[in-house]
Number of protein chains: 2
Amino acid sequence: MRRVGLKFLATELGISEGTVSRALNDYPDISQSTRDRVKEVAAKFNYKANQTARRLATGVAEAVAYLMPPNTKSISEPFVSQLLEGIGESLSQRGWDLLVVQASSEKTEADTVEKLSTSGRVSGVVISRPYKNDRRIELLKKNNMPFIVHGRSVDSDDYAWFDVDSTQAFKDAVGHLAGLGHQQIGFIGAPLEYNFAQMRLDGYRQGLMENGLQYDPTLVDHVDMTDDASAAAASAILKAQNPPTAFLCATDTQAIGVLAAIRSAGLIPGQDISVIGYDGLDFGKHTNPPLTTLAQPQSHSGREICDMLLAIIDGGNPVDYQELRSATLVRRMSDGPFRPMKTIIS
Amino acid sequence: MRRVGLKFLATELGISEGTVSRALNDYPDISQSTRDRVKEVAAKFNYKANQTARRLATGVAEAVAYLMPPNTKSISEPFVSQLLEGIGESLSQRGWDLLVVQASSEKTEADTVEKLSTSGRVSGVVISRPYKNDRRIELLKKNNMPFIVHGRSVDSDDYAWFDVDSTQAFKDAVGHLAGLGHQQIGFIGAPLEYNFAQMRLDGYRQGLMENGLQYDPTLVDHVDMTDDASAAAASAILKAQNPPTAFLCATDTQAIGVLAAIRSAGLIPGQDISVIGYDGLDFGKHTNPPLTTLAQPQSHSGREICDMLLAIIDGGNPVDYQELRSATLVRRMSDGPFRPMKTIIS
DNA sequence: GCCTAGACCGAAAGCGCTTTCGGAATCAAT
DNA sequence: ATTGATTCCGAAAGCGCTTTCGGTCTAGGC
C-alpha cells in the first residue's frame, strides 16, 4: 500500500499538488467546490500531512519543549506529570507536539538550552524551578526563543512567568503559627540557588518580623528537597538548646521528612510540634498526621502556562504574560496551638 | 547574523555542501584532512544541523513517543516522571527527541495512536498500562510501528514488553499473610479492563487456593486507582458480617485509601487489620502506618524500556525483547500477625 | 610511459510539503 | 464585442539537509 501523500491525492483528484495543499489549508483562492472535494478525498484516504515536511517548508516547528528539572529524585514530582498533562492538553488543540528534554546534569543544562533554541525543533520552551540567576533564561532571551518560566528568577521584569506568591504564603503561615502561640518557629528551606527557596525564606523572615519574633539562624537550615535530607536537618535543629515548637518547610516533601524526625525524637507532630509544608500535595492527606500545607492552585496550571506561551509565540509581548497566583493554607492535622515542651516538665 | 547552515559552512570552507555534510557524518570517502577542517569550522560556528531538514531527507524521525495514560488524576503518578526521566536519558545519548502525547479521552486513544503511527513524526512508541485487549497495540502492529509496552496485554506473545510479575507477587503476598495467620483476606483491585488488574486478581486467587483459603466475593471489589475510591470500597467491605483481617491492594494508592478507611472504622491498620499495597512508592514510608508494599524495581526501568525499544527500531525482533521482572515485598508497618477482632470480644 | 585502481569531491536529485507568481478562464461592465 | 477585474488553479521554486552518481586526480603496477 502506497503512502498517501500530497502527490497521491493530487493524481487521485486529477489536480495539482499545490492546489490540494492550499485547499487543505483553507486558502481563499480555492473554490468551495474543489475545496470540499479535496477534503473529502483526503478524509477518505485518511491523509495526514507529513509533519516533518510541513515544518521544513513553513519554518514553524509546531512543537514546544518542557525542560525537565534535573533532580527528579524526590517524592514531590507528581507536579511534573500534572504540568505535562496540562501542557499537552493545550498543545493538542493546535495539533502541536510536546517535547520533553532533559539536561543530563546541571552543568549541561545551559548547553541543552542553547541547542534547543538553535536547532529549530521547537517554537517555544517552558522551564520550571528557576535559579536566582538562571543562565537558561539568559540564553533563551539571547536567542529570542519564546519561553515562559514556571516560577521566577530574581530579575523577572522582562519575560513571561507563572508563579505563586510563596513569599506572601510563608509570611501568612508564620502569622498563623504565631497566632497559635508559637514563638520558636523553625524553617527548613531548599537550596538557596533556587529563587523560590529565597522567596520562601524571605516570607518566613518577614513573617517573623511582622509578629515581633526574632530570626534565629540555629533554627533554620537549607537542604535538598528530599524527605531524608530534611529529616536529618530537623533532627539536628531539634537538639538545639531552645528547640522550635513549629516548623515551616519549603516543600511538602521536606515537611514529611520533618514529621518523621519529630516522631523519631519521641514527640508527636501536630501536638508537640507543628509543621506546615508547601505545595498542597495530595498525599499529604495520608501522612501521619495529615499534613497542613500551603497549597498552590496547580490543578490546571499546565494549561494556563502553555496557553500563555502560545500567545507569546503568536506574537504577544512576554511582559504581558506574568501571572502571580496565591497559595492557600489548607489545615490538616499537623499544626496546632503551642504547648510547652514535655522536656521542660521533667 | 546569518543562520549557519550547510551552505554557510560550504562557502566558508570553499567546498560543496554535500562534502560538508558527508564530512560531518563521517562518510568514508572524505579525506581525513578535510574532515578535520570541516569539523573544526563547524564547531567554531557552533553549527547544528537543522533536525527537521535532516529528518525529511533521511526519513527517520529520530524521536520516540511516550503515550501518557489517560487518567492521571491519581496520586500514584510519580511513576510517569520516573519513566520519562529514564526514557529521556536513553534517548539523549542518541540525540533523539522524546515526545509526550496524550489522548484527550479514552475514546480517542486509538485515534491518537493511528495518527502517531502514520504521521511519521516518531520512529517508536512506548505505551503503559495496557488493557486486556488493547486496540493501541493492534494499531501499532498493523502500522508496523516499533513499540514496547510497559506491562502486558492478554496476548503478549508477539510484541515487546517490560513487565513485573505481579501475579506471582500477589500469590506470595497471600502466602505471607496466611503465614501471619490471616484467613479472611480482602482484595481491592483495579478496573478489570486493565490487564494488570486481572493479573493481580489472578495472583490473589491463586494464593488463596494454594493456602487452602476460600475465595469470597464479598471481600473483594474493583475500583478506580484513587485513595478515595478504595477507601469507600474498603469501608463497605469492612461492614460485612465476616470482615477481612487483611487487605491486599492492587496499587499503593489504593492501599493508602484502605488505611484511611480502617482508621475511620476505629481500627488500627497494621494491628487490627493488615494491608499490603503494590508499587513500592516512596511515600509509603510516610503513611500512617508506613505501608508494606510489593515493590517493583522501577528505578531505572525507563532506561531499560527505551533501550529495548531502540534495539527494535534498529531492526531487532520484538519477540526477543520481553522482560519479566519480579517484585519484592518490602515490609514496613502495615502488616502484622492475625489477631481476633475487637468486635468479637464485646 | 600507459593503464587501472582507488581516493576524494562536486553536481544534482530528491524528501513531502508550502507558497509565490502568473496564466487561463469567467464575469461584469462599457 | 472589447476591456478590466476577478476567480481559480498549475507550475515551479524553495525549506536545509542527505545521498547517489560520476568525474577528476593521484598513486601504483607493468
Side-chain angles (χ1 to χ4, degrees), chain A residues 1-39 41-42 45-63 95-97 115 118-123, chain B residues 1-39 41-42 45-63 95-97 115 118-123:
Chain A
M1 178 176 149
R2 180 176 160 193
R3 221 199 93 68
V4 306
L6 231 34
K7 183 146 52 178
F8 177 84
L9 291 188
T11 62
E12 190 73 15
L13 284 155
I15 59 182
S16 81
E17 285 184 52
T19 304
V20 176
S21 170
R22 282 180 324 229
L24 258 13
N25 293 328
D26 288 320
Y27 271 58
D29 65 344
I30 300 292
S31 73
Q32 190 60 44
S33 64
T34 64
R35 189 202 312 283
D36 292 344
R37 216 157 55 86
V38 169
K39 288 196 173 172
V41 175
F45 287 100
N46 197 10
Y47 169 79
K48 268 307 269 163
N50 178 316
Q51 270 200 62
T52 311
R54 156 201 287 262
R55 284 174 192 175
L56 182 55
T58 59
V60 359
E62 302 193 343
W96 283 27
D97 288 340
K115 275 185 199 152
T118 57
S119 77
R121 24 179 207 174
V122 297
S123 18
Chain B
M1 178 177 150
R2 179 174 163 194
R3 222 199 92 68
V4 305
L6 232 34
K7 183 146 53 178
F8 177 85
L9 291 189
T11 62
E12 190 74 13
L13 284 155
I15 60 182
S16 81
E17 285 183 51
T19 304
V20 176
S21 170
R22 283 182 322 235
L24 257 15
N25 293 328
D26 287 321
Y27 271 57
D29 64 343
I30 300 292
S31 73
Q32 189 60 44
S33 64
T34 64
R35 188 200 313 283
D36 291 345
R37 215 157 54 88
V38 169
K39 288 195 173 174
V41 175
F45 288 100
N46 197 10
Y47 168 79
K48 268 304 272 162
N50 177 317
Q51 269 201 61
T52 310
R54 157 201 286 261
R55 285 175 190 176
L56 219 216
T58 59
V60 359
E62 301 193 343
W96 283 27
D97 287 340
K115 274 186 201 150
T118 58
S119 76
R121 22 178 208 176
V122 298
S123 21

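Everything numeric here is computed off the predicted structure, so don't read it as measured data. So you know, we letter chains A, B, ... as the sequences are listed, proteins then strands, and number each from 1.
Within residues 45-58 of chain B, the residues having any heavy atom under 4.0 Å from DNA chain C are, by residue number, Leu56(B), Ala57(B).
Between Asp26(A) atom CG and dT19(C) atom P there is a gap of 13 Å when expressed in whole angstrom units. One can place CG of Leu24(B) at 17 Å from P of dG16(D), the figure rounded to the nearest angstrom. Put simply, CD on Glu62(B) is 14 Å from C1' on dG16(D), counting in whole angstrom units. Atom P of nucleotide dC9(D) and atom CG of Leu9(A) are separated by 16 Å, given to the nearest angstrom. The distance between atom CD1 of Ile30(A) and atom P of dT19(C), rounded to the nearest whole Å, is 13 Å. Here dC17(C) presents its P atom at 15 Å from OH of Tyr27(A), a figure rounded to the nearest Å. We find that CG of Asn25(A) is positioned 15 Å from P of dC9(D), with the value rounded to whole Å. If you measure from atom CZ of Arg35(A) to atom P of dC8(D), you get 9 Å, rounded to the nearest angstrom.
The structure places OG1 of Thr52(B) at 13.5 Å from CZ of Arg121(B), a figure rounded to the nearest 0.5 Å.
Inter-residue side-chain proximity for Val41(B) and Tyr47(B) is flagged as unmet; no heavy-atom pair is nearer than 4.5 Å.
Comparing Gly14(B) and Thr19(A), the nucleotide of DNA chain C nearest to each residue sits closer to the 5' end for Gly14(B). The residue among Gly18(A) and Pro28(A) whose nearest nucleotide of DNA chain D lies closer to the 5′ end is Pro28(A).
What you find for Tyr27(B) and Arg35(B) is that their closest heavy atoms are O-NH1, 3.2 Å. Shown here for Ala10(A) and Val20(A), the closest heavy-atom pair between the two residues is CA-CG2, 3.9 Å. In this structure, Val60(A) and Arg55(A) approach most closely via the heavy-atom pair O-CG, 3.4 Å. Between Ser21(A) and Leu6(A), the shortest heavy-atom distance links the atoms CB-CD2, 3.9 Å.
A sub-4.0 Å separation between OP1 or OP2 of dT18(D) and a side-chain N or O of Ser21(B) is present.
Applying the 6.0 Å contact sphere to NZ of Lys39(B) captures more than 12 heavy atoms from other residues, nucleotides or ligands.
Across dG10(C), dT20(C), dC9(C), the shortest atom-to-atom separation from the side chain of Asp29(B) is found for dC9(C). Closest to the side chain of Arg22(B), out of dT18(D), dG10(C), dT19(C), is dG10(C).
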